[in-house]
Amino acid sequence: MAVLTLLLLGVGAYLVTIRPILAVLPPAAFDPLDRSAQRVRDAINAEAFALSGHPDRAVSRNFTATMAEAVRRNPDFRYYLRVGDRVIGNTPSPAYFHALGLDRLEAARAAADAAPEICLQMFRNLSTPQDKGALEYLYCDRPRYIEYHGLRHAFPTPNDRAERAVRKLFWTTGSAFFYTVAALFLLASAVIVVNMRTIRRVARLAQSFDANHLDVQLPERGVPAEVLPLVRAINQLIGRLHRTQARQKFFLSAAAHELRTPLTVLRTRLELLDEAPIKDKLIGDVRRVTNLVNQLLTLMKLDTLAEVAGTFDLVATTRKVLANLAPLAGQRNIALSFAPQVEQYWMAGGADLVEVAIANLVDNAISFTPDGGEVFVALDAEGLLSVRDFGPGLDPAKISSLFDPFVRHPSNRRGFGLGLAIVKAIATLHGGSVAARNAEGAGAVFDLRFPPSDGTANATARPATPVRVPAFKAEG
């Protein structure tokens, strides 16, 4: 609509204003020097006409101002005006009157005593490539002679022919069309503004969609007709994605549930076998598959949760996780250190889910820490829980994909690549975030940030209880 309006406005402006101007005015009319010459000619002719009726009248101010401006800009400019016996000019005698024999012609006519109806008239263009000039001679009842030359530089012409033509054409012929187009343009602009506000509202709603919960649709009511097919197509796509996503989740959840019982039975039967090297290997394989099933069920559970209720102390929860993992770390003589900056940190959410997230990070740190090393956990007053190991560190090129499902770095590492994906899902569910980075010196740091519980006052920061802590700086 806006494009059509602008196109109509441009075509109308050309047909109604520009084209008539070009047809009325020759190209020379737009030359500043030509316009100045026209102004001089008009002023002299007007003054000559006024003196023909009143030879004794005073010189008009317009004539005086025009000639003064021409002389000021052109020191060599000369003009001469004679009507009867009245002479006006800045030169005592005309340059061309005698040279053209007009003095003899005038004397002959006076001697012949010709009737006033018999007129003598002559016009000559005195312009050269460098300047403008002209002369005009008329003798009816009394002689009138006009001569000017030496106009080389233009001067302001506020009432020149071009301006009068533009003003006349614009305000008479083009004003009605201009007002019509302006009204259409304002109307189209209002429609566009309203439509754009509706489109932005739909865009903001689309940006708020959760990729894991596609059971919503874009509104079709109130949407501009031009955009409605696109909105309907997007809604159809969302519907297809939602159905596909639901089928995938159902398949994974059903498969995981169906596998748990056979795996439990299989592990029980393996434990009843006689001791043999293959027995421990088979039990370890079954344990790994069971862990995979449990992780898949956890992911399915997180995808179906929109929010979690309850509050708990993150400090106590972290201590509980470290106590549970202490035997695992002790098998390799790895020390677990915890340095909270607050006595308590209350947050909203499910303690069991956050335990899973912290346990995954600490277990991951233990697996990368050399025997006899240390895993350090810190919690600041802002809810930033940091877990540091002293292993080989992270590949900077792969940090961005660490939290994707089924991603393992390095690829030959044990596990299925779901632990960090579960950590990210739990953090997102609790309104938090998780990030990974390389620590100063050696090792990696995983930062898990949780917001505090609304309306719950946490303990103020305090010096941590002295523990054996390596050089470490948690990022805020």
Side-chain angles (χ1 to χ4, degrees), residues 1-10 180-256 296-311 347-350 353-354 357 383 400-401 403-406 418 421-435 449-455:
M1 183 68 180
V3 175
L4 293 177
T5 302
L6 293 176
L7 181 61
L8 181 62
L9 180 61
T180 302
V181 173
L184 291 175
F185 182 78
L186 293 176
L187 178 62
S189 300
V191 173
I192 292 174
V193 169
V194 173
N195 289 344
M196 289 303 298
R197 292 182 62 182
T198 304
I199 294 173
R200 290 193 183 98
R201 177 174 57 84
V202 174
R204 287 194 298 268
L205 180 61
Q207 292 174 349
S208 67
F209 285 178
D210 185 357
N212 296 321
H213 300 86
L214 296 178
D215 53 348
V216 291
Q217 295 274 292
L218 295 175
E220 298 182 3
R221 187 174 182 178
V223 176
E226 296 83 358
V227 186
L228 185 58
L230 176 61
V231 173
R232 288 175 175 171
I234 293 176
N235 283 336
Q236 293 174 3
L237 177 61
I238 292 175
R240 290 195 296 268
L241 289 175
H242 177 60
R243 291 189 293 271
T244 302
Q245 189 181 74
R247 286 195 296 267
Q248 291 178 346
K249 290 182 178 179
F250 175 77
F251 170 77
L252 291 175
S253 179
L296 288 174
L297 288 174
T298 301
L299 277 178
M300 295 302 103
K301 177 182 178 181
L302 292 173
D303 285 340
T304 57
L305 290 176
E307 59 181 9
V308 285
T311 57
M347 58 171 286
L353 292 177
V354 175
S400 60
S401 61
F403 301 96
D404 295 339
F406 301 104
L418 291 176
I422 292 175
V423 173
K424 181 179 180 180
I426 294 174
T428 302
L429 181 63
H430 288 77
S433 62
V434 63
R449 183 183 294 277
F450 291 111
S453 174
D454 294 338

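For this chain, numbers begin at 1 and follow the sequence in order. In what follows, every heavy atom counts, from backbone to side chain, and hydrogens, waters and symmetry copies are set aside. Since the structure is predicted, the reported quantities are computational estimates derived from the model, not experimental observations.
In this structure, OG1 on T198 lies 10.0 Å from CE on M196, to the nearest 0.5 angstrom. Taken from CG in L353 to CD1 in I422, the straight-line distance is 10.0 Å, to the nearest 0.5 Å.
Paired with I234 under the rule side chain to side chain contact (heavy atoms under 4.5 Å, CB included), one option of L237, L230, V231 passes, and it is L230.
Taking each heavy atom of A348 and H430 in turn, the nearest pair found is O-CD2, 3.4 Å.
Among residues two or more places apart in sequence or in another chain, the side-chain hydrogen bond (donor to acceptor under 3.5 Å, both in side chains) test is passed with N235 by E220.
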